[in-house]
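These numbers were taken from a predicted model, which means no experiment stands behind them.
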Amino acid sequence: MRRFSGNELGSLKNFAHEVVVDPSPGRGEVRIRVQAVALGFVDGLIVAGRYQMIPTLPFTPGGEIAGVVDMIGPDVQDIRIGARVVAWQLGGGLAECAIVPAAEIDVIPAELGMVTAAAMIVDYQTASYALVERGQLKPGETVLVAGAAGGVGSAALQIARNLGARVIALVSDPSKHSRAMELGATVALSPSDPNLRNELRRYAPAGVNVVVDPVGGSLSETLFRSLAKEGRHLVIGFAAGSIPTIRSNLALLKSASLVGVDLRHFVATHPDAARRRREELFRQVLEGRLAPPITALFEFHQAKEALETTTHRARAGKLVVLLR
């Protein structure tokens, strides 16, 4: 099979396409003939050697994997050859075949496309876990979504709306403000507006109840200061490239919480609940209650270009590499 892999982290220059022997699934595993792999900011960090989890080498990037089961290992039940499935793991997706534990795959509904399933599995699940379990969002509350044009942000905007919240969207690209409004935002603001604090006071005089923050950087303290009493600031990622420092006295003054959102912890400790959540998110897309993610498609020979693009905040849509 062909794969895109590297023997050293630190630079994409260490990664290339190569031909290797087809892998075989072990006990409790299946082999997926990969058709679509979604990529995100984390994939770029892993390749650069800047992620907190260091993979085994050689490493094949791409963990949001959709395809067809073409081989089943011993002790695997309830999965058939030919099943359309999606899975999430640290890597292994940028290859014609991927080995995945059978317990960690979901069957894709017949009406849902491979590209959509791959593009949803992390971003939509992260947004839902953030708002429901970690943010304890209540109907009628106000949610401020940073990076609302991105994958997690646009999903969070819609999920918050569906849960009965009022949503303020922060969108850096003015051309994407209309998209945020179409998805249900009450207002779309620019994070670079020097009067942002005043604008937030205008639309949320008592403060916002929940901040969804996959961006980090210098903006985070401004957002934390905009919280209402007993507000929750959900820390999801640092797409801005820097990890902010927020003074602890602000939490005291606000009686507010800085809440970490680690999707891997949810999936590992509550696998059945996580699976039910993914199934529900798939249903909501099929029923039109959630819009499917906007995607930017790459062919397999463009894998390096796709990974380079993971660091571009202005990218248009979730990056998906097609294998066909």
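A search for side chain to side chain donor-acceptor pair (under 3.5 Å) contacts involving Q35 returns nothing, not counting sequence neighbours. Not a single ring-ring contact (aromatic ring centres under 6.0 Å, His included) links F15 to another residue, sequence neighbours left out.
Between I159 and L137, every side-chain heavy-atom pair lies at or beyond the 4.5 Å cut-off. You'll find the side chain of M120 stays beyond 4.5 Å of the side chain of K318, heavy atoms only. Between V267 and Q125, the closest side-chain pair of non-hydrogen atoms falls below 4.5 Å. Side-chain contact between R264 and W88 is present, with heavy atoms from C-beta onward closer than 4.5 Å. The closest side-chain heavy-atom distance from E141 to L163 is not below 4.5 Å. Between S190 and E199, the closest side-chain pair of non-hydrogen atoms is not below 4.5 Å. Contact of the V86 side chain with the F282 side chain is registered, since non-hydrogen atoms from C-beta on lie closer than 4.5 Å. With contacts defined as side-chain heavy-atom distances shorter than 4.5 Å, the pair Q302/V321 does not qualify.
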Anything under 3.5 Å between a donor and an acceptor, one on a side chain of residues 44-57, the other on a protein residue two or more places apart or in another chain? List them.
none

Determine, step by step, whether S226 and V211 satisfy the side-chain contact (heavy atoms from CB on, under 4.5 Å) criterion, reporting the C-alpha distance in whole Å, the side-chain angles of both residues, the deciding distance to 0.1 Å, and the verdict.
CA-CA 9 Å; S226 300; V211 169; 5.9 Å; no
Candidate pair V85 and V30, rule side-chain contact (heavy atoms from CB on, under 4.5 Å), full reasoning:
CA-CA 11 Å; V85 297; V30 301; 5.8 Å; no
Show, in sequence, the C-alpha distance, side-chain angles and deciding distance for R134 and F266, and conclude whether the side-chain contact (heavy atoms from CB on, under 4.5 Å) test is met.
CA-CA 10 Å; R134 305 300 290 148; F266 178 54; over 6 Å; no
Evaluate the side-chain contact (heavy atoms from CB on, under 4.5 Å) criterion for residues F4 and V37: first the C-alpha distance (whole Å), next the side-chain angles of each, then the deciding distance (0.1 Å), finally the verdict.
CA-CA 12 Å; F4 183 78; V37 183; over 6 Å; no
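Here the side chain of K176 pairs no donor or acceptor atom with the backbone of V171 at under 3.5 angstrom. Judged by distance alone, with hydrogens and angles left aside, the side-chain atoms of S242 form no donor-acceptor pair with the main-chain N or O of F238 at under 3.5 Å. At least one donor-acceptor pair closer than 3.5 Å links the side chain of K254 to the backbone N or O of R225. Between the side chain of R84 and the backbone N or O of L112 there is at least one donor-acceptor pair closer than 3.5 Å. Not a single donor-acceptor pair under 3.5 Å links the side chain of K229 to the backbone N or O of N209. Although no hydrogens or angles enter the test, the distance criterion places no donor-acceptor pair under 3.5 Å between the side chain of S128 and the main chain of Y124. Counting only distance, with no hydrogens or angles, the side chain of R232 and the backbone of Q136 share a donor-acceptor pair below 3.5 Å.
E279 and R275 are not joined by a salt bridge, as no carboxylate oxygen comes within less than 4.0 angstrom of a charged side-chain nitrogen.
Among R277, R276, R283, the single residue meeting the side chain to side chain donor-acceptor pair (under 3.5 Å) criterion with E280 is R283. Among L144, V215, D193, V145, the single residue meeting the side-chain contact (heavy atoms from CB on, under 4.5 Å) criterion with L170 is L144.
Residue T269 comes nearest to H265 through the heavy atom pair OG1-O, 2.6 Å, listed as atom of the first residue, atom of the second, then distance. V34 and C97 make their closest contact through CG2-C, 4.2 Å (heavy atoms, listed as atom of the first residue, atom of the second, distance). Of all the heavy atoms in A180 and A169, the pair that sits closest is CB-CB, 4.0 Å. Contact detail for A306 and L39: the closest heavy-atom pair is CB-CD1, 3.8 Å. Contact record, I65 with G91: CD1-O, 4.2 Å, taken as the closest heavy-atom pair. The two residues I105 and A87 have their closest heavy-atom pair at CG2-CB, 3.8 Å.
Using a 4.5 Å cut-off between side-chain heavy atoms of Ile, Leu, Val, Met, Phe, Trp and Tyr, with links allowed through other members, V107 and V68 fall into different hydrophobic clusters. Placement of V212 and V235 in two distinct hydrophobic clusters is found when ILVMFWY residues are connected by side-chain heavy-atom separations under 4.5 Å, directly or transitively. Note on V132: it clusters hydrophobically with V259, by side-chain heavy-atom contacts below 4.5 Å among ILVMFWY residues. The hydrophobic clustering, which links ILVMFWY residues whose side-chain heavy atoms are closer than 4.5 Å, places F41 and L90 together. With hydrophobic clusters built from ILVMFWY side chains whose heavy atoms lie under 4.5 angstrom apart, L286 shares a cluster with L281.
Note: H17 and F300 have perpendicular aromatic rings, judged against thresholds of 30 and 60 degrees for the angle between ring planes.
Here CG of L258 is found 10.5 Å from CG of L250. Values are rounded to the nearest 0.5 Å. Rounded to the nearest 0.5 angstrom, R33 CZ and M1 CE are separated by 9.0 Å. With rounding to the nearest 0.5 angstrom, the CG atom of L319 is 9.5 Å from the CD atom of E64. In this structure, CG in N162 is found 7.0 Å from CZ in R289, a value given to the nearest 0.5 Å. Of the inter-residue distances, the one linking L94 atom CG with S5 atom OG reads 9.5 Å to the nearest 0.5 angstrom. With values rounded to the nearest 0.5 angstrom, D213 atom CG is found 7.5 Å from I236 atom CD1.
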